[in-house]
Amino acid sequence: MIPKVFREVIDLGDGREISIETGKLAKQAHGSVVVQSGKCMLLCTVVSNYKQSPVDFLPLTVDYREKFAAAGRYPGGFFKREARPSDGEVLTMRLVDRVLRPLFPKDYHSETQVMIQLMSHDDDVMPDAMAGLAASAAIQLSDFPFECPISEARVGRVNGEFVINPTRSQLLESDIDMMIGASADSVMMVEGEMDEISEEEMTEAIKFAHEAIKVQCAAQVKLAEAFGKKEVREYEPERSDEDLAKKIHDMAYDKVYAVAKAGSSKHERSAAFSEIKEEILASFSEEEQEDLSELISKYYYKAEKNAIRDLTLNEGLRLDGRKTTDIRPIWCEVDYLPSTHGSAIFTRGETQALATVTLGTSREANQIDMPSFEGEERFYLHYNFPPFSTGEARPIRGTSRREVGHGNLAQRALKGMVPEDCPYTVRVVSEVLESNGSSSMATVCSGTMALMDAGVQLKKPVSGIAMGLISDGDSGKYAVLSDILGDEDHLGDMDFKVTGTADGITACQMDIKVKGLSYEILVNALKQARDGRLHILEKLTDTIAAPNADVKGHAPKMVTRRIPNEFIGALIGPGGKVIQELQKETNTTIVINEDPVTEEGIVEILGVGNEGIDAVQAKIDSLLFKPEVGSIYEVKVIKMLDFGAVVEYTEAPGNEVLLHVSELAWERTENVSDVVNMGDVFDVKYFGIDSRTRKEKVSRKAILPKPEGFKERPPRDDKRSGGRDNNRGRDNRGRDNRRDDRKPREDKKDD
């Protein structure tokens, strides 16, 4: 039986469309859709268990994978099979997860899985921009308890005009690359990079994307209605006790408020809060504790959150005693590690990041091999968050999704300030050594200083700050918090990270937890963030005002040369012999790439000592050396022959030419050694290609005065062949000087 297919089409307004289709594929999933734009097709399926999990959170898994078959390619590696997700896939998972998770009920704890797969790829369509739409559309067709449809859209700005879901080629020309996640009513997530734009421009981009998302949400509603909207499933709600909640609130609120107002350190504060909680637990009998322990903990944390929020809204004070706009004390240091190419420490309050920089050739570029994109990164940043940074002991099981996401944010913040003509591949690694509030922004700051310490000529230094928002929808009160603590990250209504130079924003990441946040509040929050960024930036430039003029003495120096395509083979040599010997002799690394446009050879020379680099450059100069006809050059004898001397140009060692015996002197020369010897240095005149021998011709005698009474020898008879050019009268033809019309030996016999 042919399945009935339901379909909705979204017009992007510039001739492009996105379609959402269901009814054909994966019908045993609780919801499934195919989202298509051009030839790009995403299949999204959602499933949620009907039994609640015994945990106090939503076990939601968002999985995004790109199938290599979608682009007609084979996976790399020995097994030729898709394996662990790439960083690009992990980043897409995070973008979708951050928008979906808040819309499930807080007491819904059934294991839920959202799987999004790229099944067909289109070079003109970036699939990650449609992943959020696919996930939400599939959920709308299910019976999950989910608040409302959402979608995500990428916004770019090309030639001053905003574009929704730009192509990759458009994105190269865009000064904005932002992903916005939202419902029809509220913006919920923003993440992206920008070319030093203003706070107002960023807000306008968000508004533009939100209008497009509203259309996408409406299309999901239409599709669900046509398909047949399912009744929301019933599930066992969390246990609750309003009387107990009020009792614990009354017991905890004032005590928590007092501790929060004391402005103590993280450990002192945590110990005081734990003591309050233990006192409350002790007020219950053992039987009550056994029965109500989960509820007591839940209601205590709710009271704690309310007390801390009220302190900030009512008195403008925060957990560590700061006012809302205050930045924690900062200290910085550069060149801390003696053996790295660059290093820096950034410490802000109880957060510390140590960044290192390593410089290399294009061979060290980070290779990106995804079905939707193949390329390389010449600048990349890795972020490590070990458990000791928060005083914990827990197992380390590879790089977490959080580490991938935070590292990517810091990388996007900095990469626009690395000049395009930077010859190096640059790797920055951030080791988070302490954490209590935005280690990713500490990474941006330490990374900036480490790059400057390494001698990377950043266009401008970049700083970053994490901000928070606490609001009271009923009274209209709100407080924007600069440089938030870890605790404030959890209890606020919005947390956002903003990075930038003194002239504008370079990257941002926002998670907005309240509905209908006004753009006025958003702009005010961004402006307060700018003040904080500039304060931190001043601390960075006080430590290192500008990039070091050169790389460190022990760091590799890099020189890049371009050579014509026809010389690449000569530099490499047969089987790589020439380049391998040259690297060994000069203690350098030489990498040769071909410019895809000009087809020139791009030669990268990396070496610690200038002597080795100079030697490689001399070899290249020698290869590229082209003497001009009529010019005089200094040469050195490097080989003696019966019929002349092999000489090399002293300005281009290795570039050799034969100086024929007839061109040594005006007088008749019987022996070459009568005129020159090994190692002699003298001048010769270059005549270009000899029309008779088809070889380069140089002459020593041409720049010497003629002896008195010298008579030119009669011109050589053209009918004669072979012999020397000095017209000695001997027919000294060799095998290479046979007449062209000489018949083969066999023909001669026949005659």
Side-chain angles (χ1 to χ4, degrees), residues 330-348 351-366 376-386 388-389 396 399 403-404 406-411 413-415 417-419 422-435 439-464 499 539-560 587-589 591 604-610 612-613:
I330 294 171
W331 68 265
C332 312
E333 183 178 341
V334 296
D335 198 20
Y336 177 72
L337 300 173
S339 297
T340 61
H341 297 165
S343 64
I345 303 171
F346 176 82
T347 307
R348 183 194 59 237
T351 297
Q352 184 178 76
L354 170 62
T356 59
V357 170
T358 307
L359 307 175
T361 67
S362 58
R363 193 177 293 164
E364 281 70 53
N366 185 33
E376 63 179 27
E377 293 175 327
R378 293 291 297 270
F379 172 80
Y380 52 100
L381 186 150
H382 292 151
Y383 165 102
N384 297 317
F385 190 85
F388 67 77
S389 64
I396 299 173
T399 305
E403 287 172 308
V404 172
H406 280 44
N408 179 68
L409 175 61
Q411 177 176 321
L414 293 170
K415 73 176 185 180
M417 292 300 112
V418 177
C422 176
Y424 295 99
T425 291
V426 182
R427 180 186 185 227
V428 181
V429 179
S430 173
E431 305 290 347
V432 178
L433 306 181
E434 295 181 54
S435 181
S439 52
S440 63
M441 295 298 95
T443 293
V444 172
C445 298
S446 61
T448 291
M449 293 187 294
L451 287 165
M452 295 166 74
D453 179 54
V456 177
Q457 301 302 305
L458 288 186
K459 300 173 189 176
K460 300 171 189 175
V462 181
S463 64
T499 72
K539 299 293 184 182
L540 305 186
T541 53
D542 284 347
T543 304
I544 180 167
N548 290 331
D550 202 357
V551 299
K552 297 181 184 300
H554 62 273
K557 285 75 178 172
M558 169 82 84
V559 173
T560 302
N587 196 26
T588 59
T589 299
V591 179
E604 299 174 4
I605 312 164
L606 190 80
V608 174
N610 288 325
I613 294 175

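Keep in mind that this is a model prediction, so the values were computed, not measured.
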Check your understanding: Taking side chain as C-beta onward, heavy atoms only, is Ile345 less than 4.5 Å from Leu433?
Key -> no
Review point. So how far is it from Glu364 CD to Thr589 OG1, rounded to the nearest 0.5 Å?
Key: 7.5 Å
Study note, to complete from the structure: On a heavy-atom basis, the closest approach of Ser463 and Cys445 is CA-SG, 4.1 Å
Exercise for review: Please step through side-chain contact (heavy atoms from CB on, under 4.5 Å) for the pair Val357 and Asp453, ending with a clear verdict.
Suggested key: CA-CA 9 Å; Val357 170; Asp453 179 54; over 6 Å; no
Practice item. Using a strict 4.0 Å threshold on nitrogen-to-oxygen distance, state whether Asp335 and Lys552 make a salt bridge. Key: yes
**Study point:** Shortest non-hydrogen separation from Ala355 to Ala450 and the atoms involved
**Key:** O-CB, 3.8 Å
Review point. Shortest non-hydrogen contact from Leu540 to Cys332?
Key: CD2-SG, 4.1 Å
Exercise for review: Flag yes if more than 12 heavy atoms outside Lys460 fall under 6.0 Å of its NZ atom; otherwise flag no.
Suggested key: yes
Exercise for review: Can you see which heavy atom on Leu381 is nearest to which on Gly407, and at what distance?
Suggested key: CD2-O, 3.7 Å
Review point. When rounded to the nearest 0.5 angstrom, what is the spacing between OG1 in Thr340 and CG in Leu359?
Key: 9.5 Å
Practice item. Go through Arg378 and Ser362 one step at a time and tell me if the side-chain contact (heavy atoms from CB on, under 4.5 Å) criterion holds. Key: CA-CA 7 Å; Arg378 293 291 297 270; Ser362 58; 3.6 Å; yes
Point to revise | Atom pair NZ/CD1 of Lys557 and Ile605 - distance to nearest 0.5 Å | key: 14.5 Å
Practice item. Measure the shortest side-chain to side-chain distance between Glu377 and Gln411 over non-hydrogen atoms and say whether it is less than 4.5 angstrom. Key: yes
Point to revise | Test item: Gln352 side-chain N/O and Thr347 main-chain N/O as donor-acceptor pair under 3.5 Å | key: no
Check your understanding: Got a donor-acceptor contact below 3.5 angstrom from the Gln457 side chain to the Asn548 backbone?
Key -> yes
**Study point:** Nearest atoms (heavy-atom pairs only) where Val456 meets Cys422
**Key:** CG1-SG, 4.5 Å
Check your understanding: Under 30°, 30 to 60°, or over 60°: which ring-plane class applies to Tyr380 and His382, parallel, tilted or perpendicular?
Key -> tilted
Exercise for review: Begin from the C-alpha positions of Thr361 and Thr425 and carry the test side-chain contact (heavy atoms from CB on, under 4.5 Å) through to its verdict.
Suggested key: CA-CA 5 Å; Thr361 67; Thr425 291; 5.8 Å; no
Check your understanding: Nearest heavy-atom pair of Pro556 and Val551: which atoms, and what distance?
Key -> O-CG2, 3.7 Å
Point to revise | Polar side-chain atom of Ser343 near backbone of Tyr336 as donor-acceptor pair, under 3.5 Å | key: yes
Study note, to complete from the structure: Between the OH atom in Tyr383 and the OG atom in Ser430, the distance rounded to the nearest 0.5 Å is 7.0 Å
Check your understanding: Stepwise, does the side-chain contact (heavy atoms from CB on, under 4.5 Å) test hold for Phe346 with Thr448?
Key -> CA-CA 10 Å; Phe346 176 82; Thr448 291; over 6 Å; no
Check your understanding: With a 4.5 Å limit on heavy-atom distance, are the side chains of Val404 and Thr399 in contact?
Key -> yes
Practice item. Could I get the full list of side chain to side chain contact (heavy atoms under 4.5 Å, CB included) partners for Asn408, not counting sequence neighbours? Key: Leu91, Glu191, Arg412
Practice item. Please round to the nearest 0.5 Å and tell me the distance separating atom CG of Leu451 and atom NE2 of His341. Key: 13.5 Å
**Study point:** Interatomic spacing from OH in Tyr424 to CD in Glu604 - rounded to 0.5 Å
**Key:** 11.0 Å
